[in-house]
Trainee: 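Below you will find the structure I want to go over with you.
Order of appearance sets the numbers: ligands from 1, and atoms from 1 within every ligand.
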Amino acid sequence: MEIPKVKIPIQEISLEKNIKLFIKREDLIHPQISGNKYWKLFYNINNYLETQPKNPLIITFGGAYSNHISAVSALGNLSGIKTLGIIRGEELEQKWRDNPTLVFAKRNGMNLKFVTREEYRHKDKLTEFLQQEFPESLIIPEGGTNKNAVQGVKMMLNNDTKDFDYLCTAVGTGGTLAGISEFCEENQKVIGFKVVEDSSLENKISELTSKQNFHLTDAAFGGYGKINDENIRFINDFKVKFDIPLEPVYTGKMMQKLFEMIDTDYFPEGSKILCFHTGGLQGIEGANLLLEKQNRNLII
Ligand SMILES: Cc1ncc(COP(=O)(O)O)c(C=O)c1O
C-alpha cells in the first residue's frame, strides 16, 4: 500500500455557536479502502509483504456488514492477494446474496467462511487453528485493530490536525482511537464515541496506547448496528445541509452525539473540534435494504 499523494481535505461544519467544528474526510482516501481502514491495514499489509510470502493469504474476521471485510476484500483484489473472511453468523451461508457487503467481498474473490456466533466469540481459538492450517498467512483481527493499526493511524494526524483542542472519532474495536490518542499533541483531548457496549473496550484501548488523554462517550443508540429513525433523520439533514454523507453504524452516531454535546455546552466557548470521517459508506446500501423491508425512511 502507498501513502496517497492527495491531501485529505478538512471541511468546516458551520455552527451557530462560538465553537469551531471541522471534519477530516478520510472517507475520500480511497474509493474501496476508505477512512481508517486504509490506515489500519497499511503496516499490517506492508510488513507482511516484506516477508515475501510465496503464496500470500490474508485472513480476517467480521460481521455481515463489516466495513473491514469490505476493505480487506478490495485490497486483496487490487493487489492480487488471496483473502479469506471469517464471517459471524452461519445463517448467512444461505443468505449472503442478499447482503451487498458480502456480495462485494465475494466479487473481489474473498473466500467466505461462515461460523456460528459461539465460534466467532472464540476468535482466539479460531486464529490459532487457522495459523496452523495456513502457516504463511497473515491473520488480521476483527476491525483490523492491533499494534500495526495504531502505527498506521498516526498518518491521520499531520500539521493540519495540530491546531485543534479536541479530536473525535467513532469507536468500534478501538484501534483508531488508540492511534489518535498515542500520536496527537500533548495539549489535545481525544473523544471516542462508542458505538458498541463493550465493558472491556477501555482496557483494550489502554493496551494499545500509552496515553490517558482520551474519553469514551456512549453513542450506541440502542446497540451496535441498530438503526434508529432519529439518527436517519439526522444523517439525511446533515447530508442536505453540509453535503457530507454519513452512515448509520459509526459516523452518523458520532456526529449526532457530538451535536448533542455541543448543544448542551460540553465544550467551552471558542473550542476547536476536529472529527474524523472514518468512511464506511459502503454500509448504507445494506442498511437501506433492511430499512426498505421494514417500510422505514431510507438514508439518502
Ligand atoms: C466507518 C468506521 N468508523 C469507525 C470505526 C471504528 O474503528 P475502530 O474499530 O478502530 O475503533 C470503524 C471500524 O473499523 C468503521 O468502519
Trainee: So which protein heavy atom does atom 3 (N) of ligand 1 come closest to, and at what separation?
Mentor: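 Result: Thr278 OG1, 2.6 Å.
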
Trainee: Does at least one non-hydrogen atom of Gly35 fall below 4.0 angstrom from an atom of ligand 1?
Mentor: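 Contact absent.
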
Trainee: Would Phe234 and Phe259 count as a ring pair (Phe, Tyr, Trp, His ring centres under 6.0 Å) if you check the C-alpha gap in whole Å, the side-chain angles of each, and the deciding distance to 0.1 Å?
Mentor: CA-CA 10 Å; Phe234 177 88; Phe259 269 46; 5.3 Å; yes

Trainee: Would you say ligand 1 has an N or O under 3.5 Å from any N or O of Gly174?
Mentor: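 Min N/O separation from ligand 1 is below 3.5 Å for Gly174.
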
Trainee: Can you pull out the closest protein heavy atom to atom 9 (O) of ligand 1? Residue, atom name and distance to 0.1 Å, please.
Mentor: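 Here the nearest protein heavy atom works out to Thr173 OG1, 2.5 Å.
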
Trainee: To the nearest 0.1 Å, how far is atom 14 (O) of ligand 1 from its closest protein heavy atom, and which atom is that?
Mentor: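 Protein heavy atom with the smallest distance to atom 14 (O) of ligand 1: Lys40 NZ, 3.0 Å.
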
Trainee: Are side-chain N/O atoms of Glu142 and Thr60 paired as donor and acceptor at under 3.5 Å?
Mentor: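 No, no side-chain donor-acceptor pair sits under 3.5 Å.
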
Trainee: Hey, is ligand 1 close enough to Gly143 that some N/O pair sits below 3.5 Å?
Mentor: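 For ligand 1, there is no N or O atom that lies under 3.5 Å from one belonging to Gly143.
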
Trainee: Pull out every atom of ligand 1 sitting under 4.0 Å from any heavy atom of Val171, numbered as shown with elements.
Mentor: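 What qualifies from ligand 1 is 11 (O).
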
Trainee: Please determine if Asp165 and Lys189 form a salt bridge, counting it only when a charged side-chain N lies under 4.0 Å from a carboxylate O.
Mentor: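 Looking at Lys189 together with Asp165, the answer is no, because their closest N to O distance does not fall below 4.0 Å.
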
Trainee: Are Tyr48 and Tyr43 close enough that a side-chain donor and a side-chain acceptor fall under 3.5 Å?
Mentor: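 Tyr43 and Tyr48 do not have a side-chain donor-acceptor pair below 3.5 Å.
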
Trainee: Near Ala170, which atoms of ligand 1 are under 4.0 Å from a heavy atom of that residue?
Mentor: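 This gives 4 (C), 6 (C) as the contact atoms.
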
Trainee: Is it true that the side chains of Gln282 and Glu247 contain a donor and an acceptor less than 3.5 Å apart?
Mentor: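 Side chains of Gln282 and Glu247: no pair found under 3.5 Å.
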
Trainee: Just by distance, no angles: are the side chains of Lys239 and Asn236 close enough, under 3.5 Å, to form a donor-acceptor pair?
Mentor: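 Note: Lys239 and Asn236 side chains miss the donor-acceptor criterion.
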
Trainee: In ligand 1, which numbered atoms sit nearer than 4.0 Å to a non-hydrogen atom of Thr176?
Mentor: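 It comes down to these atoms of ligand 1: 7 (O), 8 (P), 10 (O).
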
Trainee: Suppose I only count heavy atoms of Asn67 and a 4.0 Å limit; which atoms of ligand 1 are within that range?
Mentor: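 Once the distances to Asn67 are compared, the set is 1 (C), 15 (C), 16 (O).
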
Trainee: Could you tell me whether some N/O pair between Glu247 and ligand 1 is separated by less than 3.5 angstrom?
Mentor: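 Such a contact does not occur with ligand 1.
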
Trainee: Between Phe276 and Lys24, is there a cation-pi geometry (under 6.0 Å to ring centre, at most 45° from the normal)?
Mentor: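 Verdict for Phe276: no cation-pi partner in Lys24.
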
Trainee: I'd like to check whether Tyr250 has a polar contact with ligand 1, where a contact means an N/O of the residue lying under 3.5 Å from an N/O of the ligand.
Mentor: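 There is no such contact.
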
Trainee: Is a salt bridge present between Glu207 and Lys147, judged by a nitrogen-to-oxygen distance below 4.0 Å?
Mentor: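 Salt bridge absent between Glu207 and Lys147.
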
Trainee: Does Lys253 count as lying over the ring of Phe221, i.e. NZ or CZ under 6.0 Å from the six-ring centre, within 45 degrees of the axis?
Mentor: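 The answer is no; the distance or angle limit is not met.
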
Trainee: Counting neighbours of CD on Glu12 that are heavy atoms of other residues, nucleotides or ligands and sit closer than 6.0 Å, is the number greater than 12?
Mentor: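 Above 12, so yes.
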
Trainee: Check if Lys37 has a non-hydrogen atom at a distance under 4.0 Å from any atom of ligand 1.
Mentor: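 Lys37: in contact with ligand 1 (<4.0 Å).
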
Trainee: If we set the cut-off at 4.0 Å for heavy atoms, which region of Asn36 has an atom near ligand 1: side chain, backbone, both, or neither?
Mentor: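 The side chain, only.
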
Trainee: In the protein, which heavy atom is nearest to atom 6 (C) of ligand 1, and how far is it?
Mentor: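 Ranked first by proximity to atom 6 (C) of ligand 1 is Gly172 N, 3.3 Å.
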
Trainee: Run the side chain to side chain donor-acceptor pair (under 3.5 Å) check on Ser34 and Glu26 step by step: do they pass?
Mentor: CA-CA 7 Å; Ser34 81; Glu26 298 291 344; over 6 Å; no

Trainee: Considering only heavy atoms of Gly279, which atoms of ligand 1 have at least one such atom less than 4.0 Å away?
Mentor: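 With Gly279 as reference, the close atoms of ligand 1 come out as 1 (C).
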
Trainee: Could an N or O of ligand 1 be found under 3.5 Å from any N or O of Gly280, whether backbone or side chain?
Mentor: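 Between Gly280 and ligand 1 (N or O atoms, distance only) the closest approach is not under 3.5 Å.
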
Trainee: Should the proximity of Thr145 to ligand 1, defined as any heavy atom under 4.0 Å, be assigned to the side chain, the backbone, both, or neither?
Mentor: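 Contact part for Thr145 vs ligand 1: side chain (C-beta onward).
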
